[in-house]
Amino acid sequence: MDRSLVVTMAAMTALTGGMALAAVQSDGSRDPSKNRTADSGTASLRVLAPTHRLFGDAVLLGPGQSGSAHVSCPTGQVPSGGGVSNGNTFVHLTDGFATGPLWVARGKNTDRADPHPLRAFVICTESRR
């Protein structure tokens with residue numbers, strides 16, 4: 001599977017969730033074999049950390065040009081995911097990663113005639129430190 005498609009799918013999965021969730025027993029254990037409640041037989045869920053999404057400034061990529069855009073989480077928060085928002089089909093995501101408080105997105109403008117923007121977004125979560 002194309003790496004840019006995998007990164008895009010991972011970002012979309014994180015966005016549709018909106019919150020980091022984990023199955024947790026009422027006694028606080030995280031043992032997967034104990035993720036059932038006695039009365040309903042369903043896993044109980046608890047929000048571990050709220051998340052929010054921030055957008056960086058758009059970077060204009062010339063025809064055929066590759067480049068990168070970045071956005072930073074506020075102090076006390078760390079990236080838990082991210083991606084690009086460019087509103088066109090010409091800029092292809094080639095790489096996306098966190099480094100410190102930044103989310104970096106790299107892309108390539110495949111249009112040979114016109115420039116197009118590359119805009120990174122980051123999903124930030126409170127740091128546990």
Side-chain angles (χ1 to χ4, degrees):
M1 185 178 284
D2 184 323
R3 182 175 180 172
S4 63
L5 179 59
V6 171
V7 173
T8 302
M9 288 172 51
M12 291 303 294
T13 300
L15 287 176
T16 57
M19 297 282 190
L21 300 175
V24 177
Q25 277 295 97
S26 58
D27 66 359
S29 71
R30 293 188 181 174
D31 182 349
S33 67
K34 298 179 182 177
N35 281 343
R36 302 276 174 204
T37 59
D39 45 348
S40 68
T42 59
S44 59
L45 299 176
R46 178 175 63 137
V47 173
L48 294 179
T51 62
H52 63 278
R53 185 172 48 162
L54 299 171
F55 290 88
D57 294 330
V59 174
L60 196 61
L61 300 179
Q65 182 183 14
S66 294
S68 64
H70 68 274
V71 60
S72 182
C73 286
T75 302
Q77 297 186 7
V78 295
S80 57
V84 296
S85 173
N86 57 19
N88 67 71
T89 59
F90 292 107
V91 176
H92 293 212
L93 179 65
T94 58
D95 200 11
F97 57 92
T99 178
L102 294 176
W103 182 264
V104 178
R106 295 179 182 156
K108 179 175 176 72
N109 180 2
T110 60
D111 190 341
R112 295 178 184 247
D114 297 312
H116 294 282
L118 172 68
R119 186 176 184 201
F121 71 83
V122 64
I123 301 169
C124 300
T125 305
E126 290 184 31
S127 175
R128 291 188 164 202
R129 292 181 191 173

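Numbering starts at 1 and runs along the sequence shown.
- N88 contributes atom CG, which lies 5.5 Å from atom NE2 of H116 (distance to the nearest 0.5 angstrom).
- In this structure, N109 contributes its side chain and G67 its backbone to no donor-acceptor pair below 3.5 Å.
- Contact of the D95 side chain with the S68 side chain is not registered, since no non-hydrogen atoms from C-beta on lie closer than 4.5 Å.
- Residues S85 and F55 come closest through the heavy atom pair CB-CE2, 3.7 Å.
- Inter-residue side-chain proximity for C73 and V78 is flagged as unmet; no heavy-atom pair is nearer than 4.5 Å.
- L61 and G107 get closest at one heavy-atom pair: CD1-O, 3.9 Å.
- Going from atom CZ of R119 over to atom CG of L60 covers 13.5 Å, rounded to the nearest 0.5 Å.
- For CG of D114, the number of neighbouring non-hydrogen atoms (other residues, nucleotides, ligands) closer than 6.0 Å is greater than 12.
- F90 CZ to L118 CG: the interatomic distance, rounded to the nearest 0.5 Å, is 15.0 Å.
- A donor-acceptor pair is defined here as one N or O able to donate and one able to accept, closer than 3.5 Å; no such pair exists between the side chain of R112 and the backbone of P63.
- P79 and L102 get closest at one heavy-atom pair: CG-O, 3.7 Å.
- Within the 3.5 Å criterion, the main-chain N or O of R106 finds a donor-acceptor partner in the side chain of T94.
- A distance-only check finds no donor-acceptor pair linking the side chain of K108 to the backbone of Q65 [under 3.5 Å].
- Atom CG of D111 and atom NE2 of H92 lie 10.0 Å apart (nearest 0.5 Å).
- Across all non-hydrogen atoms, the minimal contact from G56 to V71 is N-CG2, 3.5 Å.
- Taken to the nearest 0.5 Å, the OG atom of S80 stands 12.0 Å off from the CZ atom of R53.
- S72 contributes atom OG, which lies 10.0 Å from atom CD of Q77 (distance to the nearest 0.5 angstrom).
- Under a hydrophobic-cluster definition in which Ile, Leu, Val, Met, Phe, Trp and Tyr are linked whenever side-chain heavy atoms come within less than 4.5 Å, directly or via other members, V59 and V91 are assigned to the same cluster.
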